[in-house]
Undergrad: 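Take a look at the following structure, please.
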Protein chains: 2
Amino acid sequence: MNQGVETFERLRDEKKQRVLDAAASEFAEHGFHRASVNRMAAGLSIAKGSIFKYFGTKEGLFEYLFRHSVGLFKGPLRQAAQSSANQDLFERLRLSLATGARFIEEHPLIYRIYLKMLFQEDFPRRETHLSEIRLYSAKYLRPLVDQARARGELRPGLDPAMIVFFLDAVMDRFLQALSVPFMDAGAGLFRADRAEVAKKIGQCVDFLRQGLGR
Amino acid sequence: MNQGVETFERLRDEKKQRVLDAAASEFAEHGFHRASVNRMAAGLSIAKGSIFKYFGTKEGLFEYLFRHSVGLFKGPLRQAAQSSANQDLFERLRLSLATGARFIEEHPLIYRIYLKMLFQEDFPRRETHLSEIRLYSAKYLRPLVDQARARGELRPGLDPAMIVFFLDAVMDRFLQALSVPFMDAGAGLFRADRAEVAKKIGQCVDFLRQGLGR
DNA sequence: CGTAAAAGTGACCAGGTGGTCACTTCTAGC
DNA sequence: GCTAGAAGTGACCACCTGGTCACTTTTACG
């Protein structure tokens, strides 16, 4: 392992957290290239030399933050997927939406970075990273849909590839609407509180069930 | 009107077009702040002083390009909306998707700028601009849906606000998938040719009709 | 031609960037 | 208290940016 990173990881937890929070905030607000290590260091009241000691380059800092964030995100998701394996498709979708909404509530800056990465090409190793974290990718949804079809939970005659595309679009957009205005088409999702979000998830899944279920 | 802009508009059409193309390319690739007027000028083999003579600031250049692009985009859309006013909801959706796909095919750089603006906050007057051009906003879709309901084209019992949210999500995503990988959930939309796109639009609208129509 | 106005130029400026490294300060174990 | 090594520092570097403006070149017309 890199020597600087070892130094960083030997720091007190509180300081490590402060540094990662500052980095997340800076990247979330400015993207990769416009993010300024000078500004981060000033905000943290530490010397920028320290940050370069820890991570070597700005890219190294981003990589570290990214790996750290993936860890925060994959745990709960895997758990949700396992615990609902025997339930029907729509219940599983409900749970995964709820897990996503929870993550966004707890880590709004990380989610903003993800959204920026979608259409901003200047993040390091963007394609690799994105394909690792796209939540509702075909890879994840297709097996769910196939299983639901086998169980007869879906209306016959619908093209499964279309179902996957459709679910991907709607669920991704649902989560985007929680943290970006313009996106909710008047559905009142932007910065809704937890109870409101749970209610909207219910409505959304019911709607899907009406359109896709048998 | 600004004196510099008058100078620009007096130039030969071919040169104006070259300048606007170069600006679109630069903003599409780098967003607003990372876009470099130096690079533009070098690519065009003109002095950067000229660009500042025309538009005053980088922001002025962006504004000009934006206004120009809105013009390219609103004409065909209005025409499509008028010509299909008497058709049913799904046919109208099909036509507006086709119009969007056509615009993206003809002006891919402009569309890339729009996508960057969605999640990148550093564009000048971003909120104003976005609310002007969001294609499938509630403002546009809601009347279509209400009209379709009055005509009995929709399955009873579906919440119209949800219908609007869903149509917005699916259609926006459909267009995004044409110009960004990762987005098509395996549906093969990325950089599909014109015939392929027309076919996919048909499938998508048929699918919507099955789920939402009566 | 001459000339006046329009168009075009590029060296220059202040300010910000990522990154470096010789140096100082802190800390833990004796 | 001493000391070795870890942690922290900030002046400095080369580079790039948006923007300026005194200057040159081109154009149009009598």
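Chain A is the first sequence line, chain B the second, and so forth, proteins listed ahead of strands; every chain is numbered from 1.
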Undergrad: Return the value, rounded to whole Å, for the distance between atom CG of A/L11 and atom C1' of C/dC26.
TA: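 Between C1' of C/dC26 and CG of A/L11: 13 Å.
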Undergrad: Calculate the interatomic distance between B/F52 atom CZ and C/dC12 atom P; express it in whole Å.
TA: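 Atom-to-atom, B/F52 to C/dC12, this comes out as 18 Å.
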Undergrad: Please work out which of the three classes, parallel, tilted or perpendicular, describes the rings of B/F55 and B/Y64, given edges at 30° and 60°.
TA: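 Rings of B/Y64 and B/F55: tilted, as their planes differ by 30° to 60°.
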Undergrad: Can a side-chain donor-acceptor contact be found between B/Q17 and B/D21 if the only test is distance below 3.5 angstrom?
TA: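 Short answer, yes.
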Undergrad: Please work out if B/Y54 contacts a base, only the sugar-phosphate, or nothing of the nucleic acid, heavy-atom cut-off 4.0 Å.
TA: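 Touches sugar-phosphate only.
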Undergrad: With B/D193, which residues qualify under salt bridge (Lys or Arg N to Asp or Glu O under 4.0 Å), at least two apart?
TA: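 For B/D193 there are no salt bridge (Lys or Arg N to Asp or Glu O under 4.0 Å) partners, ignoring immediate neighbours.
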Undergrad: When you measure from the side chain of A/R194 to the backbone N and O of A/R102, does any donor-acceptor pair fall under 3.5 Å?
TA: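 Checked: no pair found.
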Undergrad: Output yes when at least one side-chain N/O atom of A/S50 is less than 4.0 Å from OP1 or OP2 of D/dA7, else no.
TA: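 For D/dA7, neither OP1 nor OP2 has a side-chain N or O of A/S50 closer than 4.0 Å.
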Undergrad: Measure CZ/B/F55 against P/D/dG18 and give the value in whole Å, please.
TA: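 Result: 15 Å.
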Undergrad: Between C1' on D/dT26 and CZ on B/R10, what's the gap in Å once rounded to a whole number?
TA: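 After rounding, the reported distance stands at 14 Å.
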Undergrad: Taking all atoms of both residues into account, what is the closest heavy-atom pair of A/F207 and B/D159, and its distance?
TA: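 Reported closest heavy-atom pair: CE1-O, 4.1 Å.
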Undergrad: So which one's nearest nucleotide on DNA chain C is more toward 5', A/K53 or B/I46?
TA: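 The 5'-side residue here is B/I46.
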Undergrad: Quickly work out the B/E6 CD to C/dA7 C1' distance and round it to whole Å.
TA: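 For the pair B/E6 CD and C/dA7 C1', the rounded distance is 14 Å.
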Undergrad: Using a distance-only criterion (donor-acceptor N/O pair, under 3.5 Å, no hydrogens), is the base of D/dG10 paired with the side chain of A/K48?
TA: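 Such a pair does not exist between side chain and base.
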Undergrad: Given atom NZ of A/K58 and atom P of C/dT20, what is their separation to the nearest angstrom?
TA: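 Atom-to-atom, A/K58 to C/dT20, this comes out as 14 Å.
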Undergrad: Can A/D172 and A/R134 be counted as an ion pair, charged N to O under 4.0 angstrom?
TA: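 Here A/D172 pairs with A/R134 in a salt bridge, since their nearest N and O are under 4.0 Å apart.
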Undergrad: Distance check needed: D/dG19 C1' versus B/L61 CG, whole Å only.
TA: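 Taking atom C1' of D/dG19 as the reference, CG of B/L61 is at 13 Å.
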Undergrad: I would like to know whether B/K58 and B/F27 meet side-chain contact (heavy atoms from CB on, under 4.5 Å); could you show each step before the answer?
TA: CA-CA 11 Å; B/K58 186 164 81 164; B/F27 287 125; 4.2 Å; yes
Undergrad: Contact list please: residues 12-42 of chain B against DNA chain D, heavy atoms, distance less than 4.0 Å, in numerical order.
TA: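 Result for residues 12-42 of chain B: B/A35, B/S36, B/V37, B/N38, sorted by number.
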Undergrad: Do the side-chain N or O atoms of A/T7 get closer than 4.0 angstrom to the phosphate oxygens (OP1, OP2) of D/dA7?
TA: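 A/T7 to D/dA7 OP1/OP2: side-chain N or O found under 4.0 Å.
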